[in-house]
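Right, one structure below, let's go through it.
Only heavy atoms go into these numbers, but all of them, side chains included; no hydrogens, no water, no symmetry mates. The chains referred to below are lettered A, B, ... by the order of the sequence lines, with proteins before strands, and numbering in each begins at 1.
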Amino acid sequence: MYEPRDAEIKNEPAEIGALLKRIQEGDREAFMTIIRLYQQKVFVMAYSILRDREDALDAVQETFLRLYQKAGLYKPGNSFQGWLLQMAKNISIDSYRKHQIKRREWVTTKPLDEIPIAAEDRAGDSAASDLRSAFARSVEKLAERQKMVFVMRHYNELQFNEISEAMRISVGTAKSLHFKAVQNLRKRLAPALGIEP
Amino acid sequence: MTEHLDKCPECRAEADEVERLLKETDAVRSEIRAAVASVNWEALPAVIADRAFAATGKPERILPAVRPWAWLSALRMKPVLAGLAAGLIVGAAAMYFALKTPGPRPGKDTGYHASGEFLDRAELEMARRNTLDYLEKSQFVLLDVFESAGDVAAGPAALRSERARDLLSRKKYLNAQLERFQMAKAKAICDQIEMLFLELSQISDELPAAELQRIRGFVEERQLLLKINLVRKELESEI
């Protein structure tokens, strides 16, 4: 899907502590190195939640700005990627909520003929995209923790141990939430998929 | 699990449904892939870094090339720090040479110091006490001679000889003190006693009683015991 430089990241943890220390000392190059290593992972996390390129890029910037401020809070030995993605997730969810409120306000205050209804439900006309649209809506309606696990597992393509680190839950809980998410999606999409609920 | 799915048609059907369901995520993944591809990832780190440094106002640190003398450039950039470091180095060097120099150091030598006059007085005092002690012991030996005159018991004779030899050796040490502090009276009496002790130390068990009688006569004639008493009293009054 993208090139997150997984091999590079897996080889990095030993150096992460040193890079973060240099960031605390105001080392720009160290900061840019961390950004280069993790920017795409963070973007995918943000985009999975926000589903908007610009909003996701804002969330990426916000995540790294927060990392710059809180680099000293990272505890060596823990998963840096998990810690960073947790920040990205929280920032993205906050952003999503703010945008949702703004969208509602915007929709309710605008005259009906000024609201781009077609744009809200992308490609909702074609039969092929009906299922995709229904699927996206069903994911949106999942309970938050189920949704996060599902998004991280299938959109970010994280392993369950990485999800558990990012969400600060056990691997077992992550798997359980994923199972519930899949079951709920199955129920909701049964008619569209032509299966028994 | 694969074995179970092969044997259980219900579970197989459910697994197929889930697989179909999850295939729908492919579309989202395609969307994400497209979004990722649209971003200029090379430029983004610099943009974020600019924002971060501008927002916090933290001065960014340019890492110098790794050279052995690289730390000197840091000192050049910070004159106060460089001055402080130079002061510390000079101070440490001065302290090192000051402590390394041999000779008496203030506060280091804990030995006892006293004036020469005080030491002379102390030694005079010691000489008086030693003389007093010598005369006292000599008096005992001479009294013993008086009491045993005519007695030929072997034991006391040997003991007297032993005591006389001991006092003779002490007299050698005492001579230097008596001369140094010009204790003339004491020296005179001590010299006379020494002569007697020389004879006593040579007395053997077979020494005739006449010899002892002669020594006793000498003591009486010179009034040695009396003189000893007088000198002792004089010394005791000076102590």
Side-chain angles (χ1 to χ4, degrees), chain A residues 1-4 22-37 39-40 43-44 47-48 51-53 56-57 60-69 122 128-129 131-136 138-139 150-151 153-157 182-183 185-186 189-190 192-196, chain B residues 1 4-5 8-67 70-71 73-74 77-78 81:
Chain A
M1 189 170 78
Y2 61 93
E3 293 177 8
R22 283 168 57 192
I23 289 173
Q24 285 175 269
E25 293 166 357
D27 188 336
R28 182 190 172 92
E29 193 52 47
F31 185 46
M32 287 176 65
T33 304
I34 291 267
I35 297 171
R36 283 190 203 103
L37 286 169
Q39 58 186 352
Q40 293 188 16
F43 178 81
V44 172
Y47 190 90
S48 304
R51 304 294 293 276
D52 182 274
R53 180 183 177 279
L57 279 173
V60 170
Q61 293 201 29
E62 188 60 35
T63 301
F64 284 108
L65 288 175
R66 198 170 291 182
L67 168 70
Y68 182 75
Q69 292 162 353
R122 297 169 200 159
S129 63
L131 181 59
R132 190 186 305 170
S133 179
F135 182 83
S138 297
V139 172
F150 188 84
V151 164
R153 181 77 186 95
H154 297 286
Y155 299 168
N156 292 52
E157 294 179 300
V182 171
Q183 291 302 316
L185 285 174
R186 192 167 156 258
L189 294 169
L193 290 167
I195 57 175
E196 289 182 8
Chain B
M1 188 173 174
H4 176 75
L5 289 175
C8 180
E10 286 183 6
C11 290
R12 163 56 66 189
E14 191 177 337
D16 290 343
E17 287 166 14
V18 170
E19 200 174 333
R20 267 184 68 197
L21 175 75
L22 294 180
K23 277 208 169 189
E24 292 305 317
T25 61
D26 289 347
V28 181
R29 281 205 292 269
S30 300
E31 186 186 326
I32 293 172
R33 194 181 298 125
V36 168
S38 70
V39 177
N40 182 357
W41 297 112
E42 293 301 317
L44 190 61
V47 172
I48 297 173
D50 287 344
R51 272 192 66 188
F53 286 100
T56 59
K58 199 187 278 186
E60 64 182 78
R61 186 166 65 88
I62 311 289
L63 282 179
V66 181
R67 296 186 197 105
W71 60 275
S73 63
M77 295 297 287
K78 296 170 185 169
L81 188 64

Q. So how far is it from B:Ile48 CD1 to A:Tyr68 OH, rounded to the nearest 0.5 Å?
A. 13.5 Å

Q: Give, for atom CD1 of B:Ile32 and atom NE2 of A:His154, the distance between the pair rounded to the nearest 0.5 Å.
A: 12.0 Å

Q: Could you tell me which non-hydrogen atom of B:Ala49 sits nearest to which non-hydrogen atom of A:Met32, and how far apart they are?
A: CB-CG, 3.8 Å

Q) If every non-hydrogen atom of A:Phe31 is compared with every non-hydrogen atom of B:Ala52, which pair is closest and at what distance? A) CE2-CB, 3.5 Å

Q. Between CD of A:Gln39 and CD of B:Glu42, what distance do you get to the nearest 0.5 Å?
A. 7.5 Å

Q) With a 4.5 Å limit on heavy-atom distance, are the side chains of B:Arg51 and A:Phe64 in contact? A) no

Q: Give, as side chain, backbone, both or neither, the part of A:Ile34 having an atom under 4.5 angstrom from any heavy atom of chain B.
A: neither

Q | Heavy-atom closest pair, residues A:Arg53 and B:Ala35 | A | NE-O, 4.3 Å

Q. Just wondering, do B:Val39 and A:Gln40 contact through their side chains at under 4.5 Å, heavy atoms?
A. no

Q: Could you walk me through whether B:Asp50 and A:Arg28 pass side-chain contact (heavy atoms from CB on, under 4.5 Å), step by step?
A: CA-CA 9 Å; B:Asp50 287 344; A:Arg28 182 190 172 92; 2.7 Å; yes

Q. Side chain, backbone, both or neither: which part of B:Ala46 has an atom under 4.5 Å from a heavy atom of chain A?
A. both

